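The shown structure was predicted, so the numbers you read here are calculated from the model rather than taken from an experiment. What you see below is based on every heavy atom in this structure, not just the backbone, and it leaves out hydrogens, waters and symmetry mates. First the proteins, then the strands, lettered A, B, ... as listed; each starts at 1.
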2 protein chains.
Amino acid sequence: MRFRHMDARPTNKELEILGVLWRRGPSSVREVHEDLATKQDTGYTTILKLMQIMAEKGLVSRDEENRAHIYTASVTEAEAQSGLMNDLVAKAFGGSAHRLALHALGSKQATQEELDEIRRLLDELGGEK
Amino acid sequence: MRFRHMDARPTNKELEILGVLWRRGPSSVREVHEDLATKQDTGYTTILKLMQIMAEKGLVSRDEENRAHIYTASVTEAEAQSGLMNDLVAKAFGGSAHRLALHALGSKQATQEELDEIRRLLDELGGEK
DNA sequence: AAGGAAATACGAAGAGATTCGTATTTTCCT
DNA sequence: AGGAAAATACGAATCTCTTCGTATTTCCTT
């Protein structure tokens, strides 16, 4: 079996676009553009071009049935997150994901829920207290 | 007071060079180049150029006293890690560092020590079980 | 003081990401 | 059918990062 997206490492703009697709589901360029327009001010053709490139790269797939092509993320959010995280871990944390976790926990304030969830995960991961 | 390095977001190559400086301490271009040469094969002048640019950016400072200038990292490893981590959190984890932590914990296998350390930190962070 | 080795300075090229203007195609409405 | 509106296709410019070749400077040795 071949894993096509183990190396999903979208760029910044690509990530923004994927974000819209993850949130809205399959969308046209116009929809993505309008969605992003509330926070950004990138030209329509810029988004179009990016999405075309993303299709070439396999980050999204597109349905050309209708005039307005519909794009669908072909990478899940979790996959993208893993890819980017592993990248960072390799480049800046000496390959230790847990060192990154430690850093992440140290920064900012946590929600009680989040802390609980982390504790739960920690318990699953083994090693008793 | 002005914080010059709150935005330390070194690029890949810069990170490699910083890695050498963090490990070896203040070094000349030659030393950095030779250190990296064991794993890479980047030309001497490439490293030189990069280090010059890093000096302009303020990522390193340099002592021009002697013929061979000596470069010193002006960003700590922890600062760089924070900067890069925050970047990733903002771009791919909806701003939640803890969501990133969760992901990081989930991937790969952990050392018992690491898990213990995380538990310890978690306890400090508050919220009882 | 002259030569040469070792260092820095500089400019420019190549690759990838982002941007957008313009041309072309498609569709629908009257 | 004719034309406007909406969409895609395409090419090119810009920016950043990385790369390196060549020119220049500095310093040591004889």
Rounding to an integer number of Å, can you tell me how far [X] [atom1] sits from [N] [atom2]?
| X | N | atom1 | atom2 | value |
| --- | --- | --- | --- | --- |
| B:Asp41 | D:dT18 | CG | C1' | 13 Å |
| B:Lys13 | C:dA15 | NZ | P | 16 Å |
| B:Asn12 | D:dT16 | CG | C1' | 13 Å |
| B:Arg30 | C:dA5 | CZ | P | 14 Å |
| B:Glu56 | D:dT18 | CD | P | 14 Å |
| A:Asn66 | D:dT8 | CG | P | 11 Å |
| B:Met51 | C:dC10 | CE | P | 17 Å |
| A:Leu36 | C:dT18 | CG | C1' | 14 Å |

Could you tell me whether the phosphate oxygens of [N], OP1 or OP2, come under 4.0 Å of any side-chain nitrogen or oxygen in [X]?
| X | N | result |
| --- | --- | --- |
| B:Thr42 | D:dC20 | no |
| B:Lys57 | D:dC17 | yes |
| B:Tyr44 | D:dT19 | no |
| A:Gln52 | D:dA9 | yes |
| B:Lys49 | D:dC17 | no |
| B:Arg62 | C:dA7 | no |
| B:Thr46 | D:dC20 | yes |

Practice prompt. Could you please spell out the steps behind the salt bridge (Lys or Arg N to Asp or Glu O under 4.0 Å) verdict for B:Lys57 and B:Glu14?
Written response: CA-CA 11 Å; B:Lys57 290 185 183 174; B:Glu14 288 173 344; 2.6 Å; yes
Worksheet item: Counting any heavy atom closer than 4.0 Å, what does B:Thr11 reach on the DNA or RNA strands: base, sugar-phosphate only, or nothing?
Response: sugar-phosphate
Fill in: Upstream residue (5' side of DNA chain C) when B:Leu48 and A:Gln40 are each assigned their closest nucleotide
B:Leu48
Discussion item. Please determine whether the number of non-hydrogen atoms from other residues, nucleotides or ligands lying under 6.0 Å from atom CD of B:Glu64 exceeds 12.
Written reply: yes
Discussion item. Quick one: does any side-chain atom of B:Ser28 pair with a main-chain N or O of B:Ile70 as donor and acceptor, under 3.5 Å?
Written reply: no
Item to complete: For B:Glu14 and for B:Glu65, locate the closest nucleotide of DNA chain D by heavy-atom distance; then report the residue assigned to the nucleotide nearer the 5' terminus.
Response: B:Glu14
Worksheet entry | 4.5 Å side-chain heavy-atom contact, B:Tyr44 and B:Arg30 | yes
Fill in: Polar side-chain contact A:Arg67-D:dA6 base: donor and acceptor under 3.5 Å
yes
Practice prompt. Identify the heavy atoms of A:Thr72 and A:Leu21 that sit nearest to each other, and give their distance.
Written response: C-CD1, 4.3 Å
